[in-house]
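Note on naming: letters A, B, ... go to the chains in the order of the sequence lines (proteins, then strands), and numbering restarts at 1 for each one.
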Protein chains: 2
Amino acid sequence: MGTAIDHAEQAAEATKLLRGVGQRVTQPRVAVLAHILASGEDHLSAEDVLALVSEHDDRVHRATVYRTLDGLVAAGLLRHVHLDRGLTAYHLTDPPKAHGSPHLHAQCSGCGRVVDLPPDVLGDTAARVRTASGFVLDASHVALSGRCADCVSLADARTGEDT
Amino acid sequence: MGTAIDHAEQAAEATKLLRGVGQRVTQPRVAVLAHILASGEDHLSAEDVLALVSEHDDRVHRATVYRTLDGLVAAGLLRHVHLDRGLTAYHLTDPPKAHGSPHLHAQCSGCGRVVDLPPDVLGDTAARVRTASGFVLDASHVALSGRCADCVSLADARTGEDT
DNA sequence: GTTGTTGCAAATTGTTTGCACTGGT
DNA sequence: ACCAGTGCAAACAATTTGCAACAAC
C-alpha cells in the first residue's frame, strides 16, 4: 500500500475539512485528522491516534493529540464514545461505511472489540426511559456492553470474570 | 440519627452476609459492607465508600476498599456498573428498593446523577442486537447516557458541552 | 503582530500491585 | 499455626493543566 501517496491525499482532505469548519490548519491537526481518515479503523483511542501520528512524525505531543481530538469533536468532525473501563474512542462523524451518524456501539466485555449498531436497535426504548425517569437518552454516547459470539462460546466453559 | 446503634445493626447484618457467602469476616469487610447497607445511596464509587468508612475508622486503606469491593462483587453480594467517564459504581445485588436485580442504569451527562431503570425498558433490543451483530447484550453492566429533565431545561438555553 | 496553538513537564484521578506483616479460623 | 487478608508505598493508565516558546492568519 502506497502509504506516502495515500497520506498526501488524506492530508489534503484533512486540510479541506479543517478549513471547512473554520479551524486553523496546523501541523498536528492535519496529521491527526489525516491518520484517522487513512486508518481503516473506525474506533481509535487517543493513544491509538498518537501511535499512528508518531510513526510519521514524533514531534507531535501526546497532550496535543488529546487537545486536537477534543477540538475536532467540538468542530463536529469527530464524535467520541465512552467504552467500558473508561476508555474514550473517537470516530468520524460522517464515516464512509457505518450505519449513519447517530449510530450506536457495543463493546465485548471479553475481548474489547467494538461494533457499530444501526441507530434503531433500541426501538422505543428512548420513549420508555423518558416515561420511567424523565431522562432524554443519548445512547450513542456510551457503548453498550455485551459478549461477542466468539467470547460467548468461550464463556460457556469458563463461566467468567466481568469487566 | 442514631448512627452508633444503626451501625451496630448494619455491622451484624454485614457479618451475617459475609458468613452466608463463606467469606472471612474481617474488620474492613464488615466496615465496607455495613456502610453500604447504612448509606441511603445506592450507587457508590470506591472513593465514596472509602470516605464513608474512613469517617468511623481511618485505618482502612484505600487499596483494601478496592479489593474488598471486588471480593463482594465476586461473592455476589454487590454488583458494579460502569458510568460515563470510566467511574465504577457499586450497589447491593439485592437492594431494598430497586427494580429487581438485573435492572439498568442511566446517568445524566450533565449533572452525573444515576437513576435505576426497570429491566424491561430495552424491550426486544437484545434480540435485535444479537441479530445485527451476534452480541449478547449485558445492558446492566454499563449505564446508559442521557440528560435528566433538569439538565435538559438548562441545555435549552446553553446548547452545551458533552461529557 | 496578535492571538491561537503547541511542547514540555508536572499534576490529577481512579485503580492496581508487590511485599512484608497481621489477624481470622 | 497457617494462609488469606491488610497496610503501605509505589506503579499505572488515561487524561489535564500552567506556562513559555511558536506558528497561523
Among dG14(C), dC25(D), dA14(D), which nucleotide has an atom closest to any side-chain atom of V25(A)? dC25(D)
Please report the closest heavy-atom contact between S145(A) and D84(A), naming both atoms and the distance. OG-OD2, 4.1 Å
Between CG of L83(B) and C1' of dG14(C) the distance, given in whole Å, is 13 Å
Partners passing side chain to side chain contact (heavy atoms under 4.5 Å, CB included) against S54(A) (at least two apart in sequence or in another chain): L50(A)
Check: dG24(C) base within 3.5 Å donor-acceptor of R29(B) side chain: no
Can you tell me how far OG1 of T68(A) sits from NE2 of H61(A), rounded to the nearest 0.5 angstrom? 11.5 Å
Using atom CG of L69(A) as one end and atom P of dT16(D) as the other, report the distance to the nearest whole Å. 10 Å
Is it true that H103(B) and H91(B) have ring centroids separated by less than 6.0 Å? yes
Given that R59(B) and R24(B) both sit by DNA chain D, which one's nearest nucleotide is further toward the 5' end? R24(B)
Can you say whether the rings of H105(B) and H43(B) are parallel (under 30°), tilted (30 to 60°) or perpendicular (over 60°)? perpendicular
Rounded to the nearest angstrom, tell me the gap between atom CD in Q27(B) and atom C1' in dG5(D). 12 Å
Please state whether the phosphate of dG7(C), meaning OP1 or OP2, lies under 4.0 angstrom from any side-chain nitrogen or oxygen of T64(A). yes
Over all atoms of both residues, closest heavy-atom pair of A14(A) and L37(A): N-CD1, 4.0 Å
Winner on side-chain proximity to P28(A), out of dG7(C), dA14(D), dT6(D), is dG7(C)
Tell me: CG of L50(A) to C1' of dG7(C), nearest whole Å? 13 Å
Should T26(B) be listed as having a side-chain N or O under 4.0 Å from OP1 or OP2 of dT6(D)? yes
On a heavy-atom basis, the closest approach of A132(B) and L117(A) is CB-CD2, 4.5 Å
Check whether the side chain of R67(A) and the base of dG7(C) form a donor-acceptor pair under 3.5 Å. yes
To the nearest angstrom, how far is D70(A) atom CG from dT5(C) atom P? 13 Å
Rounded to whole Å, CG of D57(B) lies from P of dT6(D) at a distance of 12 Å
Tell me whether the OP1 or OP2 atom of dC8(D) has a side-chain N or O from H61(B) closer than 4.0 Å. yes
Could you spell out the base pairing of DNA chain D in dot-bracket, with Watson-Crick or G-U pairs whose two distances are under 3.5 Å, [ ] crossing and | to another strand? |||||||||||.||.||||||||||
Within the structure, does a side-chain N or O atom of Y66(A) lie under 4.0 Å from either OP1 or OP2 of dT15(D)? yes
Per the under-4.0 Å heavy-atom filter, residues of residues 71-79 of chain B near DNA chain D come out as none
Ignoring backbone atoms, establish whether T88(B) has a side-chain N or O less than 4.0 Å from OP1 or OP2 of dT15(C). yes
Spacing of D58(B) atom CG relative to dC8(D) atom C1', expressed in whole Å: 14 Å
Determine the minimum heavy-atom distance between V81(A) and A143(A), stating which atoms define it. CG1-N, 3.7 Å
Path from V121(B) to V142(B) over hydrophobic side-chain contacts below 4.5 Å: no
Value in whole Å for how far the C1' atom of dA14(D) lies from CG of D48(A): 12 Å
If you find the nucleotide of DNA chain C closest to A46(B) and the one closest to R19(B), which residue's nucleotide is nearer the 5' end? A46(B)
Which part of the nucleic acid does R62(A) contact within heavy-atom distance under 4.0 Å: base, sugar-phosphate only, or nothing? base
Which heavy-atom pair separates C108(B) from F135(A) by the least distance, and what is that distance? N-CE2, 3.3 Å
5'-most by nearest nucleotide on DNA chain D - A63(A) or E47(A): E47(A)
Between D120(B) and R128(A), does any side-chain N to carboxylate O distance fall below 4.0 Å? no
I want to check one thing: is the phosphate of dT5(C), taken as OP1 and OP2, less than 4.0 Å away from some side-chain N or O of T68(A)? no
